[in-house]
Every structure is written in structure tokens, then in C-alpha cells.
Protein chains: 2
Amino acid sequence: MVNVTLADLARHLDLHVSTISRSLDPARAGRVNAATRARVLAAAAELGYTGHQIAGSLRRGRSSTVGIVVPDLSNPFVHPVIRGVVAALDRRGFMGFVAESGDDHAQLRRILEHLVSRRVDAIITSAARSGDAAMLKGVARAGTPLVLVARYLPDSGLPWVTHDDHRGGELAAEHLLDLGHVRLAQLRGPADVQTFLDRGAGFADVLQRRGLAPAAEFDSASAGTPSVEEGRRLMGRLLDRGGDRPTAVFAHNDLMAIGALEALAERGLCCPLDVSVMGYNDNTLTEHLNPPLSTVHLPTREAGRLAGEMALALIDEPGSRPSPIRLEPTLIARRSIAPPTPAGDAAASTVGRPASRRAG
Amino acid sequence: MVNVTLADLARHLDLHVSTISRSLDPARAGRVNAATRARVLAAAAELGYTGHQIAGSLRRGRSSTVGIVVPDLSNPFVHPVIRGVVAALDRRGFMGFVAESGDDHAQLRRILEHLVSRRVDAIITSAARSGDAAMLKGVARAGTPLVLVARYLPDSGLPWVTHDDHRGGELAAEHLLDLGHVRLAQLRGPADVQTFLDRGAGFADVLQRRGLAPAAEFDSASAGTPSVEEGRRLMGRLLDRGGDRPTAVFAHNDLMAIGALEALAERGLCCPLDVSVMGYNDNTLTEHLNPPLSTVHLPTREAGRLAGEMALALIDEPGSRPSPIRLEPTLIARRSIAPPTPAGDAAASTVGRPASRRAG
DNA sequence: ACACTAGTCGCAATCGATTGCCCGAGTCAA
DNA sequence: TTGACTCGGGCAATCGATTGCGACTAGTGT
């Protein structure tokens, strides 16, 4: 009873396997007598027939499966993306399986090879760094539809669904400038991921347009990985350099912003009174922080959904070239940003320090 | 050039597919002439042969793949578990694919059916609720090795790697009692997940042993899902009930603890001065909270690794019955817990409110 | 010179489901 | 009555890799 096959059912019912096969497939149910089909269904249920997608996939040449590759499962921004993809896939009976690359090229290669050799019908990934472009293009050229989500590769010719991160950077800068900040810093994400470059460029563009070129000293190096730890390290270096402090920093994602908050706290500085901190992504946890993080919201779930549909379209029409999609960010103002106060104001430590509260 | 097969290579090299097959498999390399093998390898690289695990799996009856099913990708406790499993699998050339059940029975069923019909060699899941027991046992009985991780099913006969959550509950209670707390409350996780029941029982046992039966009013209902939102709701109900407040609450996981912190903040109460909060799991983010959360640490990555190895053992010896493993929790004291202070102490709002700081 | 072994490689069945093609029986209308 | 269809279902090839068995060659020992 361990492995029931079509042949088992055929023997049991004294029918041919092809009849069984047709009976079990709702799309082909019309080709078989209703009574016969009922018998087959009953027997299948009774004997516990579970199907055998491996065999079916081999014959059909399709697996109704797509691989979802993310850089880091712990980074909350990937969860809505995954759910969006899965939701889109579900509607067409496709299954999505998730793998984590750890933002490591070799690991990504292993995953891709596995996925391709397992003949997934498509691959959707948000783990693309510029150094991965050739490999990813190779996968697509070899016949597995590949769509980029959240992160994109500018001139790769690969289809993508991403966000307008340049605009997001602008939103961050405008918000800070409108409040009166002039000493601004950026906590840059990895330089080999285009979205981080876009955020930085958008931010810088606004400063320049307003005639406020940021002092170079306020600009951090790029993080090796966009993590809490790196955010803490970069912010620490910024703060320990002596001289004027920035009154506001734009962290290129929420994780790095959390690191920045820690670096501030470790030095007895208060956010937002001493330094305002702007995050990016609007991770689920950010509103639960203290202070709740002002950040740039991205419709990541929507991006996932669109990426899923794009992959399905690519599966339906292998040759097609879907046009890239860029979704609009919006600014979420919470409590980690306030107008600048005179630097070194000692009274800032308790006065007006707000209790944690949910954003409305 | 889209899909290179063994037959393509065979034609190209004027050899038989069987020779190609043997050349490509390191384990069978001895059965073929070294020079021939070199030619095959070269040709395979040149033509871009990627293998075809679907076909191989069908013939071999093994897929070298295991499914990993988690309840909620956003719950940080699953990430170390997944990484542990993947690490164990990697060492033996197995690939792990992740799926998310959303703690939904129907969704879990769909995932399991997919996985079984896709003939994964084993399934590892931390999504087991008591109502899923029959279904999971059915999967195992039908021939797919199934191991439970983090969550277990007491009398299911299914193998598991979990934590001693009863002991974890005890640790939490002891810590609080040692500090002098007497008005204690629990924020209970879902009642159909054994680990939460264990945490609650361990906690209650200590109270009883010390002759301190908790007033029933301080005991929350069970959360529908162990989330921030539910923690916030339960804590809110506890606080709004009037009468004495508990001086400390034990949230059955960190997410609920975060919700509890919010509920406190919303009412202008301070943690830990007004109410101490104890979490559970030691999620990565908990040390970044304000205040950093005291919690119970679980070796979740280790649990994942052991579960992975257990699954491999089950694959190697289908009949075997590995003995369940229970890992020891440890207490992590951070800043969300302090000795009790006179209730309603108005001065509590600023005095001694510590800046966020990383735990050593 | 003969039997034997080790080394290489080919042959063909096999895993299980899918599907184009074909056949026999029954239906209906001219 | 016959020709044209429709229905229901069987037949067998097929997807691509794996593997037990056997064959052929060259070399070895006696």
C-alpha cells in the first residue's frame, strides 16, 4: 500500500491505465464515461492513490513548480514578496518552493543548478547582485524563464518587477530637508545591488537640486551586507569620527536603521532628538521598534504577485519579453524623525522622549 | 541547445548513453575508461549539459530532496531551524525546499500532497498542530519519512527534535519569582500546539511548587496565533480588566511579548518598571528591542540540524524509529525584567529608564 | 596455445504517467 | 439500410536517466 500507481488501479478495476489517467484529470474527464470515472475516483480514494508528479513531469515536460530564491530569509522584506508570488502561483495550480542564497554567489549557483536540473518551470529571485548577472542570464538563455523581483539588473534584458528606489531616495531626502535638516548622512547598502545605488542616487539628487551637497565625511562606505550588524558598524564609524554629527541619517534599509539606532544608544545618544533615523522597506517589525521607525514603504507583496504573474506569462509564452514593472514607494512618517535640535543639547535625554506607540 | 540530454552527448561522442551516464556519476567513474570519461566531461561542459533530476528521480526512486514546512516565515524562530536543516542536508547532497503553511490545516494538506506527489525523500515540519496529527501520520505511513521539529505531537509515534519547553516555562517562572514577583500572568500561545501547553505547564508547576497559585484572573485566554497582534490583544484585555495589575507577564513567545510591550506603551505604562515582560525563543530581533527582551533561548539551529540528520537516517533506513530528541533551553536576562516596584508609582516614567543596549 | 580475468562499453528493460491514434459499438438522419 | 458521427476506452510510444547483464578486447598465467 506504500506506492499506488495507475497500473495498480488499472489492475484493480480491470481497466487500462490510460482510462485511469483520463479519469483522474478533471480536464480530460469528458473523454471517459461518468460511471467509469466514478468507479476510478472511488478506487483511487480507497487505495490511497497520491499521484506521481515526477513521472508526470517527465512525460509532460512541465512540473507546475517554480523556484523562489531569496537572499536572506531573516530579512522581513522577503516575506511579503514570497507570499505575493505564492498567491499568484496558487491561482494557477503552481507550487512555489523557497530557497535561500545567503547573498552568496556560489550558493546561488548551486541553487540555480538544482532548480534547473529539477526542471522548475520558472525561477523568481530577489537575490540578484550585479556579479550574478551573467549566471542568471545563462539560466534564462538555457530555457528556464527567470524573473527578477525587488532587485533588478539594469541592462541584463531579464524581466523584472521592482520598486522605484530612486524615487524612494528622493522621498527620504525631501522629508528630512523639509524638516530643516542640513547635516545629512547615508548608510549605504551593498554597492553591487542596484536598488541600493538607486536609493543613494535619489537621495543625493535631491540634496544637489536644493544646493545642499552633502559633506563627503557624512557619507558612509557601503555595507557588505544590508544587516543590523553592518548598520551598527557604519553608524558607529560615523559617530566616532569626531567633529560635527549629522542630524539625520538615511539608512538604506530598516535592518541597517536598527543597527544605527543601536549605535546611537550605545553612545548615549537619543533618536530622534540627537539624530533622526530614516529607514527603508517598512518591514513589519519597524512599527514595533522604539522609536517606531520612519521609513519608505514599498508594495512588496504586490511586487511578488506581479512577479508571479510575469513568470506564469513567461511559461505560457516562452519567447515573450514582458516589460519591466516599477512600483511606487510612499513615505511613512513615524517617530524616529524630528526636526533638528541644537547639537549636544543635554536636556534632550529625557524631555519629550515619547513612549512607544503604534503608528495610526 | 536548450535541453541537452544524455542522448545528445552520446550522439556527439559516438558513445552509448550508458557510458555517458556512468562517466557523469563520480561514484560510477571506475566503470569507465579514464580517457573516455575525460572526453565525456569535456563534451558535457562544452554543450552545457545540466542533468535532468526529474528523469533520474523517476528511475532511481529517490529525489535527493526534502521538503521543509514551516508555519510562518515571518516568525524569526523558523530561520535558524531552516538553516540548520539545510546545513545538515547539504552535507549529503540533499536539497531542502521551504513551504509555508500559515498554520492553516487546509494549506498544510495541499503542501503535503504536493510534496508527497513530488516524491520528496522526506518531510521536515515545524507546522504541526494537534489537529494535523492524523494527516501527518498518514503521510508517514504512506511511505514518506516525516520528522517534526520545534513542535512535536506527543503520542503520534512520529519522530521529533524539539526543546524542553516545560523546562523553559520553569526557567521563566523561577527567574521572575527569584526577583520577587508574586502577581504573575501568562500570555498563552495557541492551545492546539503542544509546545505552548508545555511552556504554560512548566511555568504553572513552579508557581505551585512554591505555593503561589496564580490568581485565575491573571491568566489569559489562548492566542489564536502566536503573533504580535494577539499578544497585544491579550495583554490589553489583562490590563483593562481593572483591579490589580500583574507585575510580570510571561509571553509564550517573543512575538507576543512585543505585542505586550505595545499594549503597555499604549496605556502609558513602562516596561520593566510597571510590568516586567518575559519572552520566549530569543528571536534575533529581541535584543534590538527597547527594552531588550529577557527571554528563553532555544538552540533552534541545532534542532534543525538534528532534524535534518534524523530525516537522512530515516531515508537510509526506512523502517527505523529514531528516538525523539529534546534540547535544553537557557534563560537570557536582558532589560525587560526588573524587580517589582510599588504599583502605580508615577515616578517610574523616567527614573532609571535605561537606554537600549546590547546584551553582553 | 588455451582458459581465464579484468577492464570497457553496449543493450535493453525500467521507473509511472501522458497522449495521439485507432477501434468497436451505439445513435441518428437521410 | 447505410453513411457519418459520437462515445468510451484500449494500445503503445514517449519523456530521460539508470543499471543488471552480457559481449568483446587485451592481457596474464600455466
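Keep in mind that the numbers below use all heavy atoms, side chains included, and drop hydrogens, waters and symmetry copies. Throughout, protein chains are lettered first and strands after them, A, B, ... in sequence-line order, and every chain is numbered starting at 1. Please read these numbers as outputs of a predicted model, since none were measured by experiment.
Within the 4.0 angstrom heavy-atom criterion, base atoms lie near His16(A). Base contact: Ser18(B) has a heavy atom under 4.0 Å from a base atom. At a threshold of 4.0 angstrom between heavy atoms, the contacts of Leu15(A) are confined to the sugar-phosphate backbone, with no base atom among them.
Sorted by residue number, the members of residues 27-34 of chain B with any non-hydrogen atom under 4.0 Å from DNA chain C read Arg31(B), Val32(B), Asn33(B). Of all the residues in residues 57-64 of chain B, Leu58(B), Arg59(B) reach under 4.0 Å from DNA chain C with at least one non-hydrogen atom.
Ion pair Asp104(A)/Arg109(A) not flagged as a salt bridge, since none of the NZ, NE, NH1 or NH2 atoms sits closer than 4.0 Å to an Asp/Glu carboxylate oxygen.
Listed by first then second residue, pairs satisfying ring-ring contact (aromatic ring centres under 6.0 Å, His included) with a partner in residues 33-64 of chain B number zero, not counting sequence neighbours. The ring-ring contact (aromatic ring centres under 6.0 Å, His included) pairs that include a residue from residues 116-140 of chain B number zero, where partners must be two or more places apart or lie in different chains. Sorted by first and then second residue, the pairs that involve residues 125-139 of chain B and meet salt bridge (Lys or Arg N to Asp or Glu O under 4.0 Å), not counting sequence neighbours, are Asp103(B)-Arg129(B), Arg129(B)-Asp192(B).
In summary, contact between chain B and DNA chain C, defined as any nucleotide atom under 4.0 Å from a heavy atom of the protein, begins and ends at dT8(C) to dG16(C) in the 5' to 3' direction.
Mapping Asp14(B) and Asp25(A) onto DNA chain C via the closest heavy atom, the residue that lands nearer the 5' end is Asp14(B).
Checked against salt bridge (charged side-chain N to carboxylate O under 4.0 Å, His left out), Arg31(A) has no partners two or more places apart in sequence or in another chain. Take Asp316(A) and apply the salt bridge (charged side-chain N to carboxylate O under 4.0 Å, His left out) test, not counting sequence neighbours, and it matches Arg92(A). The side-chain hydrogen bond (donor to acceptor under 3.5 Å, both in side chains) check on Thr50(B) picks up nothing, with sequence neighbours excluded. With sequence neighbours excluded, the residues satisfying salt bridge (charged side-chain N to carboxylate O under 4.0 Å, His left out) with Glu302(B) are Arg305(B). In this structure Phe77(B) satisfies the ring-ring contact (aromatic ring centres under 6.0 Å, His included) test with no other residue, sequence neighbours excluded. For His79(B), the ring-ring contact (aromatic ring centres under 6.0 Å, His included) partners are His79(A), not counting sequence neighbours.
Close to dT19(D), at under 4.0 Å from its OP1 or OP2, lies no side-chain N or O of Ser21(B).
Distance alone, capped at 3.5 Å, is enough to place a donor-acceptor pair between the Ser57(A) side chain and the Gln53(A) backbone.
With rounding to whole Å, Leu24(B) atom CG is found 13 Å from dT19(D) atom P. To the nearest angstrom, P of dG8(D) lies 12 Å from CZ of Arg37(A).
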